[in-house]
Structure formats: structure tokens, C-alpha cells
S.K.: 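Please find one structure pasted underneath; my questions will follow.
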Amino acid sequence: MSDAKAQSRGPQDRPMSPHLQVWRWHVTMATSILHRATGMALYVGALVVAGWVVALASGPEAFDAYRALLGSPLGLVVLFGLTVSFLYHLANGVRHLVWDFGKGFEPKTADMTGWAAIAFGVVASVLIWIIAFLGMGAGQ
Amino acid sequence: MTSYRTPLGRARNTGSAKHGVGHFIVLRVSSIALAPLGLWALYSSLALSRTGFDGALVWLHAPLNAVLSILLAVATAVHMRIGMVEVVEDYIHKASTKAVLLVLNYFVCVLACVAAVFCILKIALIGAAV
């Protein structure tokens, strides 16, 4: 009986703070999570770029090896992901700076700018990579 | 009454450390620098993707490219360090793991920054290696 009482008053019966999985997904929540995720991706990306400079300073053999690594299918996928991450993080960073001035918090505005940041990250990346591949064909 | 803190709270030394705003401001100031620097780097990478070793050397030998590259390295290191600190502090709750990750983060950022700046200066001032 004391067990039943402990159970009924135990932590399980208390109202819990809603966890991630019970929230309806909405765009401002997604943009917040994406900002962190792309930030972590760009952390690695910054190390990739630093590695490029180190390879360049190490001489032609190291540089060509690093360039081949970046130009491999996996390397290109990573670089495209980093392009999307950077452009999204940039656009969403501008949102954050605007919020710091106390503007743009209205739900409709925040939703709209959130979708705009995601769209900018994807569309601008695709355009830049199209330009990169066209230029590569024309340049050589 | 000038303070709403309880005597116990004061004795336990809980509450604000009064220096959190420093991170907040540095993260934002570095982001303002990184917006144009990052776009410049992306633009430059389009041209650099077409050149080999010699072309990349010539590019980084140019004073403007060298200076902007160093600024990019420093601003990135500052920004990424604080960003990672925020993530570690939010998700890692075990004190020892958190301390190790924070120190590791600091070392990685400083090492990457110093290595990048050194290599940029070497190419800009001396030229090609070996």
C-alpha cells in the first residue's frame, strides 16, 4: 500500500516539461537547431580550410594530395555541405543580429525570415556550385 | 532592500558570475567580421578551385589576400571557440568530461589559428616551401 502510494505520488506522475519529441515542428525551432548543427559542421570546415593552407605551405606534393582529397567524391560532398552550412549560418546569423536589436520577433516575421534563411542556404549553394562547375569547364 | 538573493544563496556563491556578457558580445562582433570575410573566402575559393599549386601560391602571395586570410583565421578561431563552448556547456553535464572538452576546444582553436597564420605569413613573406 505504501508502494502504491509512493508510486502514485512519485516523480512519474508529476507533470513533465515537454521534451523535443512532443513538440510540433515549426520553422523557428528548426532554424535554431540548424544554426547549431551548421555551426558544428563549420567548426570542422574551418579545420579543413586551415589544413589547405598548411598543405600549401608544405609544398607541391602535400598540396596536390590534399587537393585530390578535396576533389574526391566524398570531398566534394563534404565541401557542398560546408557551402550550405556557411550560407545558412550566415543568413540565420543576420537574423540573430536583427533580433539583438529587438526586431523581427513577430511570429509571422520570424517564420518568414526562417524559411528565407533555409532557402537562401540551399539555393545560393546550388547556384555557386553550378557556377563552379561551369567555370571549371570553361577555364580549361 | 537592495538584493533579492537569500542569505543561503549568497553563502553558496550562486548566481551570475557577472562576466557572461563578454562572450555574447565577442561572438556577435566576430560574426560581423566573418560575414564579409566568409563571403570573400567563398568567392576566392571559386577561383582557387581552378588553380593548382602555383596559382594558389601566387594568390596567397598577394598582400590583400594574405591580410584578409589572416583576419579570417583569427575571427574564425574566436567565433568557433565560443560557439563550441556554448554547445559543450549546454549538452555535456559531467564536470570532468566538460572540462576536458573545453580545454581541448581551446587548444584546437588556438593551434589551427596559429598554424594557419604562420603558413599564410610564410607564403606571403618568403614564398614557396622547400
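Quantities reported herein were computed from a predicted structural model and do not represent experimental measurements.
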S.K.: Could you have a look at D64(A), I128(A), V94(A), L70(A) and say which one has the most heavy-atom pairs with chain B under 4.5 angstrom?
M.R.: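 The answer is I128(A).
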S.K.: With chain A as the partner, which of A41(B), G52(B), S31(B) has the greatest number of non-hydrogen pairs under 4.5 Å?
M.R.: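 Heavy-atom pairs under 4.5 Å are most numerous for G52(B).
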S.K.: Using non-hydrogen atoms only, which part of L60(B) is less than 4.5 Å away from chain A: side chain, backbone, both, or neither?
M.R.: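 For L60(B), the side chain is the part near chain A, not the backbone.
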S.K.: With a 4.5 Å cut-off on side-chain heavy-atom distances among I, L, V, M, F, W and Y, is there a chain of contacts connecting L82(A) to F120(A)?
M.R.: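 Yes, it is one cluster - the side chains of L82(A) and F120(A) are joined through contacts under 4.5 Å.
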S.K.: What I'd like to find out is whether the side chain of L97(A) reaches to under 4.5 Å of the side chain of R28(B), using heavy atoms alone.
M.R.: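 L97(A) vs R28(B): side chains touch.
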S.K.: Could you check whether atom CZ of F105(A) has more than 12 heavy atoms from other residues, nucleotides or ligands sitting under 6.0 Å from it?
M.R.: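 Yes, the 6.0 Å shell around CZ holds more than 12 heavy atoms from other groups.
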S.K.: With heavy-atom distances below 4.5 Å as the criterion, would you say the side chains of T76(B) and L42(A) are in contact?
M.R.: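 The answer is no, as the side chains (C-beta and beyond) never meet within the 4.5 Å cut-off.
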S.K.: Specify the closest pair of heavy atoms between Y43(A) and N105(B), including all atoms of both residues, with the distance to one decimal.
M.R.: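 So the two residues come closest at OH-OD1, 2.6 Å.
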S.K.: Sort A73(B) into side chain, backbone, both or neither according to what part of it lies under 4.5 angstrom from a heavy atom of chain A.
M.R.: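 When you check distances to chain A, no heavy atom of A73(B) falls under 4.5 Å.
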S.K.: Are L111(B) and L47(A) connected in a single hydrophobic cluster, I mean Ile/Leu/Val/Met/Phe/Trp/Tyr linked by side-chain heavy atoms less than 4.5 Å apart?
M.R.: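 Not linked; separate clusters.
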S.K.: Looking at A57(A) and K122(B), what are the two nearest heavy atoms and their distance?
M.R.: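 Nearest heavy atoms, A57(A) then K122(B): O-NZ, 3.0 Å.
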S.K.: Please report the interatomic distance OG1(T83(A)) to CG(L42(B)), rounded to the nearest 0.5 Å.
M.R.: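 So the gap between those two atoms works out to 6.0 Å.
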S.K.: Checking F24(B) against chain A: side chain, backbone, both or neither under 4.5 Å from a heavy atom?
M.R.: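 For F24(B), the side chain is the part near chain A, not the backbone.
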S.K.: Please indicate whether W115(A) has more than 12 foreign heavy atoms, meaning atoms of other residues, nucleotides or ligands, lying under 6.0 Å from its CH2.
M.R.: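 No - once you tally the heavy atoms of other residues, nucleotides and ligands closer than 6.0 Å, there are 12 at most.
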S.K.: Is there a path of hydrophobic side-chain contacts, each under 4.5 Å between heavy atoms of I, L, V, M, F, W or Y residues, that connects V74(B) with V108(B)?
M.R.: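 Shared cluster, no.
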S.K.: As an exercise: rank A112(B), A56(B), C113(B), G83(B) by heavy-atom pairs under 4.5 Å with chain A and give me the winner.
M.R.: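 Winner by heavy-atom pair count: A56(B).
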S.K.: Out of curiosity, R67(A) CZ to T51(B) OG1, how far, rounded to the nearest 0.5 Å?
M.R.: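 R67(A) atom CZ to T51(B) atom OG1 measures 6.0 Å (nearest 0.5 Å).
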S.K.: Select one option (side chain, backbone, both, neither) describing which atoms of L48(B) are under 4.5 Å from chain A's heavy atoms.
M.R.: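 Interface part for L48(B): both.
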S.K.: So which of L39(B), L34(B), L72(B) has the biggest tally of heavy-atom pairs under 4.5 Å with chain A?
M.R.: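 Heavy-atom pairs under 4.5 Å are most numerous for L39(B).
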S.K.: State the CD1-CG distance between I123(B) and L56(A), to the nearest 0.5 angstrom.
M.R.: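 Those atoms lie 3.5 Å apart.
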S.K.: Measure from the side-chain N and O atoms of R50(B) to the backbone N and O of A132(A), and report whether any donor-acceptor pair falls under 3.5 Å.
M.R.: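 Checked: no pair found.
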S.K.: Restricting to non-hydrogen atoms, name the atom on A116(B) and the atom on V53(A) that form the minimum distance, rounded to 0.1 Å.
M.R.: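 Heavy atoms only, the tightest pair is O-CG1, 3.9 Å.
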S.K.: Nearest 0.5 Å please: distance from the CG atom of D54(B) over to the CZ atom of F63(A).
M.R.: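 Rounded to the nearest 0.5 Å, the CG-CZ separation comes out at 9.5 Å.
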S.K.: Establish whether V117(B) and V48(A) are linked, either directly or via other cluster members, by ILVMFWY side-chain heavy-atom contacts under 4.5 Å.
M.R.: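 Yes, one cluster joins them.
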S.K.: Which bit of W52(A) is near chain B, if near means a heavy-atom gap under 4.5 Å: side chain, backbone, both or neither?
M.R.: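 Only the side chain of W52(A) comes within 4.5 Å of chain B.
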S.K.: When clusters are formed by joining ILVMFWY residues with side-chain heavy atoms under 4.5 Å apart, either directly or through shared neighbours, do L79(A) and L90(A) land in the same one?
M.R.: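 Linked within one cluster.
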